[in-house]
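Encoded as structure tokens, here's the structure I'll be asking about.
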Amino acid sequence: MTQYAYPRELRLLTPVDFQNVFNNPPVKAVSREFTMLAKPNDLAYPRLGVTISKKTAKRAVDRNKIKRIVRETYRLKQHKLSGFDIIVIAKPGVTKLDNHALSELLNYLWRKLSKRCVQYSSAS
RNA sequence: GGAGUCAGCCAAGACAAUCGCUGCUUGCGUAAGCAAGGGGAGGAAAGUCCGGGCUCCAUAGGGCAGAGUGCCAGGUAACGCCUGGGCGGCGUGAGCCGACGACUAGUGCAACAGAGAGCAGACCGCCGAUGGCCCGCUUGCGGGAACAGGUAAGGGUGAAAGGGUGCGGUAAGAGCGCACCGCGCAACUGGUAACAGUUUGUGGCACGGUAAACUCCACUCGGAGCAAGACCAAAUAGGGAUCCAUGGGGUGGCCCGCCUCGGAUCCGGGUAGGUUGCUUGAGGUUGCAGGCGACUGCAGUCCUAGACGAAUGAUUGUCCUCGACAGAACCCGGCUUAGCGGCUGACUCCGCCU
């Protein structure tokens with residue numbers, strides 16, 4: 001029953017981790033509201049980081065909500081993303097979506113990203 | 001019943017299931033962990049506008065500068081907050097609002113309009129007593145015009161025109177005189193004080209407005225902030241001490257000499273990172289006592305988020321009145337701003353019934 005857990009190991013924790021992914025990420029998935037960047041990490045599990053600027057979502061409440069939904073969908077999809085560090089960047093416009101639309105969109109992006117990760121792994 | 005005033009309380013709608021996050025307690029385990037139980041955003045957590053605690057730095061004492069506050073008294077750790085009182089204003093009222101010290105210390109400012117705006121001012125008007133002019137005559141009187149001049153009653157301008165009303169007075173007027181009202185000053189009385197007074201005396205009586213204008217007066221203020229500060233501490237560069245070795249490399253033909261390079265241990269320093277600060281506090285609550293009240297004292301009782309790329313959530317189902325503003329980041333006391341509603345109590349005005 002622990003397979004959908006979200007412990008600290010599955011997160012990006014330090015500025016170094018973040019910078020590492022931002023530098024030339026080989027795999028991307030993009031929509032109007034989000035950008036996902038991924039990079040292999042030599043681990044048996046994925047790690048996630050979420051970025052939302054104050055410019056994107058003015059209120060702290062909105063930023064928290066988006067982070068929670070991103071994490072929730074990631075938690076349920078994590079097994080298809082093993083071995084990659086991932087950063088999700090929210091872009092202006094996300095605040096217009098409700099919870100349901102956000103989940104739909106994110107699930108679509110996760111599928112896209114995992115497919116590309118698999119392709120990248122087998123190619124190299 | 002309607003309209004309203006004040007005070008207090010509640011508020012990510014309620015319930016269930018599943019999957020998660022994070023502290024705490026207990027049990028098991030060497031440990032990593034596992035299991036169970038229980039806790040997990042706000043009234044504004046916000047703006048960061050004031051005031052403190054705490055921490056480090058600075059500091060003999062005093063002054064200047066600068067900043068802030070500004071009716072009085074009290075409360076408080078402190079305040080620009082709160083309470084009570086005074087004064088002024090608004091409201092029929094319950095109540096509400098007010099940077100509300102000083103322009104008889106000095107300096108400055110006042111657009112436009114207006115004749116005149118600060119030891120005022122004659123545009124229209126009124127008068128023309130007095131002096132001059134014209135006419136008449138009884139030669140000192142009558143009449144006339146309005147030149148000098150007088151006049152702040154009336155009109156007009158303005159945010160503001162140098163007390164108001166009435167009577168007297170006068171050529172016309174005028175605090176010029178008087179009465180009442182108002183005002184200034186002093187005394188007295190009440191009040192801790194601000195201040196008040198159907199009190200007494202006195203002055204014919206302006207001393208205009210403006211200090212979020214300079215300024216004056218009184219009082220307050222050292223600086224930086226939890227990324228404060230404390231501790232542990234990889235790596236790397238360099239430093240110190242002790243011991244070991246008496247060596248390697250360069251220069252040179254070689255020796256001396258000169259330059260340069262060690263090994264081990266420890267110390268100091270402190271980057272990444274980690275730990276701490278971190279939640280028990282000027283705390284909540286109950287009772288008693290003091291106080292008009294803010295609040296205070298004593299006794300009992302309770303523990304109520306503590307994260308750090310940053311938890312407090314997601315999905316589904318059912319129901320309803322269909323859910324605002326909004327997310328802790330060291331901690332408190334305030335202020336301000338945002339905002340869908342619900343509940344309770346006290347009071348006021350209007351209408352109706354008895």
Side-chain angles (χ1 to χ4, degrees):
Chain A
M1 292 306 283
T2 60
Q3 54 191 351
Y4 293 118
Y6 179 62
R8 294 179 62 77
E9 286 76 31
L10 298 188
R11 308 179 199 177
L12 294 176
L13 294 176
T14 64
V16 177
D17 295 334
F18 273 78
Q19 226 14 267
N20 186 42
V21 180
F22 276 123
N23 291 332
N24 303 315
V27 183
K28 298 178 187 174
V30 179
S31 79
R32 197 187 311 169
E33 291 82 6
F34 289 102
T35 298
M36 292 181 172
L37 309 174
K39 196 173 195 179
N41 62 5
D42 300 325
L43 296 169
Y45 47 84
R47 293 190 298 180
L48 174 73
V50 183
T51 302
I52 308 177
S53 71
K54 275 196 180 171
K55 228 172 171 182
T56 306
K58 211 173 158 193
R59 295 182 305 168
V61 173
D62 294 332
R63 293 197 293 277
N64 281 341
K65 187 189 81 176
I66 291 161
K67 281 189 195 172
R68 281 164 182 160
I69 292 173
V70 170
R71 278 199 289 266
E72 183 68 15
T73 55
Y74 162 80
R75 188 171 69 80
L76 299 170
K77 286 274 191 287
Q78 55 177 287
H79 297 291
K80 308 207 164 152
L81 301 160
S82 295
F84 283 87
D85 283 347
I86 301 157
I87 291 180
V88 177
I89 303 165
K91 295 192 280 193
V94 281
T95 50
K96 291 177 189 154
L97 299 175
D98 61 20
N99 287 8
H100 191 73
L102 274 172
S103 303
E104 294 273 301
L105 175 67
L106 284 163
N107 281 327
Y108 165 74
L109 286 169
W110 288 124
R111 275 201 301 278
K112 209 158 133 186
L113 190 74
S114 89
K115 209 181 282 179
R116 290 180 187 176
C117 285
V118 169
Q119 284 173 2
Y120 174 80
S121 300
S122 55
S124 58

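Numbers restart at 1 for each chain; the letters A, B, ... are given by sequence-line order, proteins then strands. Quick caveat, the model's predicted, so the values are computed rather than measured. These values consider heavy atoms only, across backbone and side chains, with no hydrogens, waters or symmetry-generated copies.
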- Message: If I compare all heavy atoms of A/Cys117 with all of A/Ala38, which pair ends up nearest, and what's the gap?
- Response: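 For A/Cys117 and A/Ala38, the tightest heavy-atom pair comes out as SG-CB, 4.2 Å.
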
- Query: How close or far is atom P of B/rG309 from atom CG of A/Asp85, stated in whole angstroms?
  - Reply: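 A/Asp85 atom CG is separated from B/rG309 atom P by 15 Å.
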
- Query: Rounded to whole angstrom units, what separation is found between the CZ atom of A/Phe18 and the C1' atom of B/rA310?
  - Reply: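 Roughly 11 Å, once rounded to whole Å.
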
- Round to the nearest Å and state the distance from A/Glu104 atom CD to B/rA314 atom P.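 Nearest whole value for this atom pair: 16 Å.
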
- Watson-Crick or G-U counterpart of B/rU236, or none if no pair lies under 3.5 Å: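 Base-paired to nothing in any strand shown.
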
- Is there a donor-acceptor pair closer than 3.5 Å between any side-chain N or O of A/Lys91 and the backbone N or O of A/Ser31?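 Flag set: sc A/Lys91 to bb A/Ser31 pair under 3.5 Å.
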
- Task: Provide, to the nearest angstrom, the distance between the CG atom belonging to A/Leu48 and the C1' atom belonging to B/rG20.
- Result: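 Those two atoms, CG and C1', are 14 Å apart.
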
- Using the P atom on both, measure B/rG61 against B/rC232 and round to a whole Å.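 Looking at atom P only, B/rG61 and B/rC232 are 35 Å apart.
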
- Item | Spacing of CZ belonging to A/Phe22 relative to OG1 belonging to A/Thr51, to within rounding of 0.5 Å |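 A/Phe22 atom CZ to A/Thr51 atom OG1 measures 4.5 Å (nearest 0.5 Å).
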
- Query: Whole-Å distance between B/rU316 C1' and A/His100 NE2?
  - Reply: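 Going from NE2 in A/His100 over to C1' in B/rU316 covers 12 Å.
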
- Report yes if some heavy atom in the side chain of A/Thr35 is under 4.5 Å from a heavy atom in the side chain of A/Lys28; otherwise report no.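 Result no, sub-4.5 Å side-chain heavy-atom pair not found.
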
- Any idea if B/rU59 is syn or anti, going by the 90°-from-0 cut?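 In terms of base orientation relative to the sugar, B/rU59 is anti.
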
- Message: Going by purine N1 to pyrimidine N3 plus the second Watson-Crick contact, or the G-U wobble pair, all under 3.5 Å, which nucleotide sits opposite B/rA329?
- Response: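 None - no nucleotide pairs with B/rA329, as no candidate has both distances under 3.5 Å.
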
- Item | Integer angstrom distance from the C1' of B/rG114 to that of B/rG121 |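 After rounding to an integer number of Å, I get 11 Å for this pair.
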
- Query: So do A/Val88 and A/Tyr74 actually touch side chain to side chain, heavy atoms under 4.5 Å?
  - Reply: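 Contact flag for A/Tyr74/A/Val88 side chains = no.
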
- Residues touching RNA chain B, which here means a heavy atom under 4.0 Å, drawn from residues 28-36 of chain A: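 The stretch gives none, as no residue of it lies under 4.0 Å from the strand.
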
- Item | Base partner of B/rA105, which must satisfy Watson-Crick or wobble distances under 3.5 Å |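 Paired with B/rA105, as far as the under-3.5 Å criterion goes, is no nucleotide at all.
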
- Item | C1' atoms of B/rG86 and B/rG74, separation to the nearest Å |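 Each nucleotide's C1' atom is 14 Å from the other's.
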
- Nucleotide forming a Watson-Crick or wobble pair with B/rA120, both distances under 3.5 Å: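 Here B/rA120 is not engaged in any pair, so there is no nucleotide opposite it.
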
- In whole Å, what separates the C1' atom of B/rC330 from that of B/rA305?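 One C1' to the other, the span is 14 Å.
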
- Item | Nearest heavy atoms of A/Arg116 and A/Ala29, plus distance in Å |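 Shortest heavy-atom separation between A/Arg116 and A/Ala29 comes out as NH1-CA, 3.9 Å.
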
- Message: Going by side-chain contact (heavy atoms from CB on, under 4.5 Å), name the residues that satisfy it together with A/Lys58, two or more places apart in sequence or in a different chain.
- Response: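 Scan of A/Lys58 (side-chain contact (heavy atoms from CB on, under 4.5 Å), adjacent residues dropped) gives none.
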
- Message: Using whole Å, what does the distance between atom C1' of nucleotide B/rG20 and atom CD of A/Gln78 come to?
- Response: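 Between C1' of B/rG20 and CD of A/Gln78: 11 Å.
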
- Flag yes if more than 12 heavy atoms outside A/Tyr108 fall under 6.0 Å of its OH atom; otherwise flag no.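 Atom OH in A/Tyr108 is not packed in, count stays at 12 or less.
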
- Item | Assigned glycosidic conformation for B/rG23 [threshold 90° from 0] |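 Classified syn.
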
- Query: Distance between the P atoms of B/rG84 and B/rU107, in whole angstroms?
  - Reply: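 The same atom, P, in both gives a distance of 45 Å.
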
- With rounding to whole Å, what would you report as the distance between B/rG277 and B/rC54 at their C1' atoms?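 Pairwise C1' distance, B/rG277 against B/rC54, rounds to 10 Å.
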
- Message: Heavy atoms within less than 4.0 Å of RNA chain B: which residues of residues 57-73 of chain A have one? Give them sorted by number.
- Response: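 RNA chain B contact set from residues 57-73 of chain A: A/Arg59, A/Ala60, A/Val61, A/Asn64, A/Arg68, A/Arg71, A/Glu72.
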
- Task: Could you pull out all residues at least two apart from A/Pro92 that satisfy side-chain contact (heavy atoms from CB on, under 4.5 Å)?
- Result: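 Counting only residues at least two positions away or on another chain, A/Pro92 forms a side-chain contact (heavy atoms from CB on, under 4.5 Å) with A/Thr56.
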
- Message: Under a 3.5 Å cut-off for both contacts, is B/rG177 paired Watson-Crick or G-U wobble with anything, and if yes, with which nucleotide?
- Response: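 For B/rG177, the partner nucleotide comes out as B/rC167, under the 3.5 Å rule.
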
- Task: Return the nucleotide paired to B/rU199: Watson-Crick means purine N1 to pyrimidine N3 with N6-O4 or O6-N4, wobble means G-U with N1-O2 and O6-N3, both under 3.5 Å.
- Result: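 Partner of B/rU199: B/rA187.
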
- Side chains of A/Leu106 and A/Met36: does their closest heavy-atom pair fall under 4.5 Å?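 Touching, per the 4.5 Å side-chain cut-off.
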
- Since syn is defined as within 90° of 0, does B/rU279 count as syn or as anti?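 Nucleotide B/rU279 adopts syn.
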
- Nearest-Å distance for atom pair CG/P, residues A/Asn107 and B/rU315: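 In whole Å, B/rU315 P lies 11 Å from A/Asn107 CG.
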
- Rounded to the Å, how far apart are A/Ile86 CD1 and B/rG309 P?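 Answer to the nearest Å: 19 Å.
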
- Message: Using atom C1' in both nucleotides, what's the gap between B/rC349 and B/rG91 to the nearest angstrom?
- Response: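 It comes out at 12 Å once rounded to the nearest Å.
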
- Got a sec, which residues hit side-chain contact (heavy atoms from CB on, under 4.5 Å) with A/Asp62, two or more places apart in sequence or on another chain?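 side-chain contact (heavy atoms from CB on, under 4.5 Å) list for A/Asp62, sorted by chain: A/Ala57, A/Arg59, A/Thr95.
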
- What interatomic distance, in whole Å, is found between C1' of B/rG118 and the corresponding atom of B/rA206?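 Taking atom C1' in both B/rA206 and B/rG118, they lie 12 Å apart.
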
- Sequence neighbours excluded, which residues qualify as salt bridge (charged side-chain N to carboxylate O under 4.0 Å, His left out) partners of A/Glu72?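 Residues passing salt bridge (charged side-chain N to carboxylate O under 4.0 Å, His left out) with A/Glu72: A/Arg75.
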
- Please determine, for B/rG225, whether a Watson-Crick or G-U wobble partner exists with both distances under 3.5 Å, and give it or none.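 The base-pairing partner of B/rG225, which may sit in any strand shown, is B/rC54.
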
- Query: What form does the base of B/rA179 take, syn (within 90° of 0) or anti?
  - Reply: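 Nucleotide B/rA179 adopts anti.
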
- Query: What does B/rU139 pair with, Watson-Crick or G-U, if both distances are under 3.5 Å?
  - Reply: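 None - no nucleotide pairs with B/rU139, as no candidate has both distances under 3.5 Å.
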
- Kindly label the base of B/rG43 as syn or anti, based on whether its glycosidic torsion lies within 90° of 0.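 Here B/rG43 takes the syn form, which means its glycosidic angle is within 90° of 0.
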
- Taking for each residue the nucleotide of RNA chain B with the nearest heavy atom, is it A/Phe22 or A/Ser103 whose nucleotide lies nearer the 5' end?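 By nearest-heavy-atom nucleotide position, the 5'-most residue is A/Phe22.
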
